[in-house]
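Here the structure comes first, spelled out in structure tokens, and everything after it is commentary.
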Amino acid sequence: YNEIHLGFKGLNDCCTFENGDVVLIAGNISMGKTAFALDMILKSISSGKHKILFVSLEMATSQVIARLISNMARIELYKLKKKNRKFLTDEEWGKIGLVQSKIINNLDILDSSNTDINFISQKIKEMDKINNYDYIVIDYLQLLRAEGQNRTQQVTNASLKVKQLARELQKTIVALAQLNRDNVKRADKKPELTDLKDSSQLEQDCSIGILLHSDDYHDKENKANDIIKLDIYIDKNRTGKLSMFNCEYNKKFQAFKEI
């Protein structure tokens, strides 16, 4: 057991990251899964006590760092793109310098175009041996390549390997995951863990299952807003209670605030 500040009161009140566990954060495409995980990481490292590894299978390190800087320095994300940096003020450049050191000292990013599960597992083991991470985040699980004759088998094997890795390292692995679109077709669009894309093994292997949902996302007018309301459901929790809390997701700054 490792006492970790999870950043959100709604998570701290009911969830404990146990060594060897897999925690799943799932949602539909563009629901803010990566932003939520990065916000949680920033809140965790703000004390300076935690060291975390973020495994990015979808974005380059520079894109991940831009999101983190946007959140911490409250600079609009579009300004941090290379072609727009000329719009940054001296004050904003100063803020970037201040937050970069905190990110570098407490967070490592493994950005790999090789998504083979055995390769990724080996890299994580090597990095953890040197840095002894408090927890590890993988973005996202269904991008890991594993053996199998079809997509379901491949994702099943990837999930089993991630669970095996968590147990071997005795660390919590937070794995992001996509949902299929079955919940969108229902009258009540609240997702369930049974909506996880490609394999039911993901639901079986996780000790905590967190689902992100927004009614604004399904409303054409509200979806375009800079700030949308998100419901965060703790839908599976082996060592604690099931719960729900609400956040405002500010897309400009990739930031979350509990409401």
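Small disclaimer: the values here were computed from a predicted structure and weren't measured.
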Quiz item: Is W93 reachable from Y78 through a run of hydrophobic residues whose side-chain heavy atoms are each under 4.5 Å from the next?
Solution: no

Practice problem: Identify whether NZ of Lys or CZ of Arg in K190 sits under 6.0 Å from the centre of the six-membered ring of Y233 and within 45° of that ring's axis. | Solution: yes

Quiz item: Between T152 and S199, is any side-chain donor less than 3.5 angstrom from a side-chain acceptor?
Solution: no

Quiz prompt | Approximate separation, where rounding is to 0.5 Å, of K9 NZ and L11 CG | solution = 11.5 Å

Quiz prompt | Within one Ile-Leu-Val-Met-Phe-Trp-Tyr cluster: I228 and M244, side-chain cutoff 4.5 Å | solution = yes

Quiz item: How far apart are the closest heavy atoms of Q204 and R238, and which atoms are they?
Solution: O-NH2, 2.8 Å

Exercise. Find the distance between CG (L57) and CG (L143) and round it off to the nearest 0.5 Å.
Key: 5.5 Å

Quiz prompt | Ion pair K252/D226, N-O distance below 4.0 Å | solution = yes

Practice problem: Check whether L160 and L165 end up in the same hydrophobic cluster, where Ile, Leu, Val, Met, Phe, Trp and Tyr are linked by side-chain heavy atoms less than 4.5 Å apart. | Solution: no

Practice problem: Measure the CD-NZ distance between E203 and K236 for me, rounded to the nearest 0.5 Å. | Solution: 6.0 Å

Practice problem: Give a yes or no on whether F253 and F36 share a hydrophobic cluster (residues Ile, Leu, Val, Met, Phe, Trp, Tyr; joining criterion: side-chain heavy atoms under 4.5 Å apart). | Solution: no

Quiz item: Just checking, K171 and Y135: is the charged tip under 6.0 Å from the six-membered ring centre and within 45° of the axis?
Solution: no

Quiz item: By salt bridge (Lys or Arg N to Asp or Glu O under 4.0 Å), which residues pair with E168, not counting sequence neighbours?
Solution: K125

Practice problem: Would you name the heavy atoms of Y249 and G32 that are closest together and state the gap between them? | Solution: CE2-CA, 4.0 Å

Quiz prompt | Nearest atoms (heavy-atom pairs only) where Q254 meets S70 | solution = N-OG, 4.4 Å

Quiz item: Looking just at side-chain N and O atoms, do D139 and S56 make a donor-acceptor pair shorter than 3.5 Å?
Solution: no

Practice problem: Name all pairs fulfilling the salt bridge (Lys or Arg N to Asp or Glu O under 4.0 Å) condition that reach into residues 85-98, sequence neighbours left out, sorted by first residue then second. | Solution: K79-E92

Exercise. Spell out, as yes or no, whether a donor-acceptor pair under 3.5 Å connects the side chain of D195 to the backbone of E192.
Key: yes

Quiz item: Could you give the distance from CG (N106) to CD1 (I52), rounded to the nearest 0.5 Å?
Solution: 8.0 Å

Quiz item: Mind checking whether F8 and F256 have parallel, tilted or perpendicular rings, split at 30° and 60°?
Solution: perpendicular

Exercise. Spell out, as yes or no, whether a donor-acceptor pair under 3.5 Å connects the side chain of K33 to the backbone of N28.
Key: yes

Practice problem: Considering non-hydrogen atoms only, spot the tightest contact between A255 and D39 and give its length. | Solution: CA-OD2, 3.5 Å

Exercise. Report yes or no: do N118 and K161 form a side-chain donor-acceptor pair below 3.5 Å?
Key: yes

Quiz item: Can you pull the salt bridge (Lys or Arg N to Asp or Glu O under 4.0 Å) pairs that have at least one residue in residues 150-160, sequence neighbours excluded?
Solution: R151-D198

Self-check item: Modelled atom types, side-chain donor and acceptor of Y133 and D108, under 3.5 Å
Solution: yes

Quiz item: Shortest non-hydrogen contact from I120 to N114?
Solution: CD1-O, 3.4 Å

Exercise. Ignoring hydrogens and angles, state whether a donor on the side chain of T172 or D21 is under 3.5 Å from an acceptor on the partner side chain.
Key: no

Quiz item: Would the number of heavy atoms belonging to other residues, nucleotides or ligands and lying under 6.0 Å from NZ of K51 be above 12?
Solution: yes

Self-check item: Exercise: identify the closest heavy-atom pair between L179 and A26
Solution: CD2-CB, 3.9 Å

